[in-house]
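In what follows, a structure is listed as structure tokens, so that the remarks can point back to it.
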Amino acid sequence: MTASDTPAVVFFDLGDTLGTPVLSPPPYHLVGFNVFPFAQSVLGELQRRGLRLGVISNTGDDGGPAVNEVLRAAGLLSYFDPSLLIYSKDVGLTKDSPEIFRRAAERAGFADAPRRCLFVGEAAKEPGFALDAGWRVAPHPLLVSEVLAGQQLQ
């Protein structure tokens, strides 16, 4: 991996990647977020390394203000660059195609260099769409350092 294609921005999925969502009774809305014990240390370490951090998440009927308030209450919002919060409700796209990843790379300033973007998410299909958009992927937050170091994960 050369310096020109080393990831400079890391986007995280939320649910089952950084924590578990707490939903209201139907109609479902995000009302809380139980953060995994490792999440804040991983995010803090990536910030100290000079990486910009963002979110790409399918948020159902919840838009940015509602999701941001839940992330603020959970102690996570301050880790993320506000311009890199990509919520499906707000952008009209979900993680079921490469398009939301292309949009995120554009926002991060890497439309022409998508290899500078890394997506961290546990779902089976979403990393494939990120790869189709030219991104790097990590299946778990605790494996981000390995991907940044150029290791190939199975």
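One is the number of the first residue; the rest follow in order along the sequence.
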Self-check item: Which residues share a salt bridge (charged side-chain N to carboxylate O under 4.0 Å, His left out) with E45, sequence neighbours left out
Solution: R48
Self-check item: Residues that E99 engages under salt bridge (charged side-chain N to carboxylate O under 4.0 Å, His left out), provided they are two or more places apart
Solution: R102
Report yes if some heavy atom in the side chain of [X] is under 4.5 Å from a heavy atom in the side chain of [Y]; otherwise report no.
| X | Y | answer |
| --- | --- | --- |
| T17 | H140 | no |
| V147 | L118 | yes |
| I100 | I86 | yes |
| R136 | R115 | yes |
| R103 | L93 | yes |
| F36 | T20 | yes |
| R116 | P7 | no |
| L43 | V10 | no |

Quiz item: For H29, does its backbone N or O pair with a side-chain atom of S24 as donor and acceptor, under 3.5 Å?
Solution: yes
Quiz item: For Y28, does the OH atom have more than 12 heavy-atom neighbours from other residues, nucleotides or ligands under 6.0 Å away?
Solution: no
Exercise. Run the numbers on F119 and F101 for ring-ring contact (aromatic ring centres under 6.0 Å, His included), then give the verdict.
Key: CA-CA 9 Å; F119 176 67; F101 298 98; 5.0 Å; yes
Self-check item: All pairs passing side-chain hydrogen bond (donor to acceptor under 3.5 Å, both in side chains) where residues 64-87 contributes a residue, at least two apart
Solution: R52-D81, N68-Y87, E69-R72, D81-S83
Shared hydrophobic cluster for [X] and [Y] (ILVMFWY, side-chain gaps under 4.5 Å):
| X | Y | answer |
| --- | --- | --- |
| L76 | V31 | no |
| V42 | L143 | yes |
| V144 | L131 | no |
| L46 | V35 | yes |
| I56 | L51 | no |

Quiz prompt | Option passing side chain to side chain contact (heavy atoms under 4.5 Å, CB included) with L30 (candidates L71, T59, L23, D61) | solution = L23
Quiz item: For the side chain to side chain contact (heavy atoms under 4.5 Å, CB included) test, which of L77, V55, L14 pairs with V67?
Solution: L14
Quiz prompt | Steps toward side-chain contact (heavy atoms from CB on, under 4.5 Å) verdict (F33, V22) | solution = CA-CA 5 Å; F33 196 74; V22 178; 6.0 Å; no
Practice problem: Determine, step by step, whether S145 and Q151 satisfy the side-chain contact (heavy atoms from CB on, under 4.5 Å) criterion, reporting the C-alpha distance in whole Å, the side-chain angles of both residues, the deciding distance to 0.1 Å, and the verdict. | Solution: CA-CA 9 Å; S145 291; Q151 294 181 23; over 6 Å; no
Quiz item: If you look only at pairs with a residue in residues 86-96, which of them pass as a salt bridge (charged side-chain N to carboxylate O under 4.0 Å, His left out), with sequence neighbours excluded?
Solution: D13-K95, K95-E126
Quiz prompt | Listed once per pair and sorted, the salt bridge (charged side-chain N to carboxylate O under 4.0 Å, His left out) pairs that draw on residues 15-33, sequence neighbours left out | solution = none
Looking only at non-hydrogen atoms, find the nearest pair between [X] and [Y] and report the distance.
| X | Y | answer |
| --- | --- | --- |
| G121 | P127 | O-CG, 3.7 Å |
| P141 | V120 | N-CG1, 3.5 Å |
| T94 | S88 | CG2-CB, 3.9 Å |
| C117 | F110 | SG-CB, 4.0 Å |
| G15 | P21 | CA-CD, 3.9 Å |

Practice problem: Assess the pair F11 and W135: is the distance between their ring centroids shorter than 6.0 Å? | Solution: yes
Practice problem: With sequence neighbours excluded, tell me which residues meet side-chain hydrogen bond (donor to acceptor under 3.5 Å, both in side chains) with Q47. | Solution: none
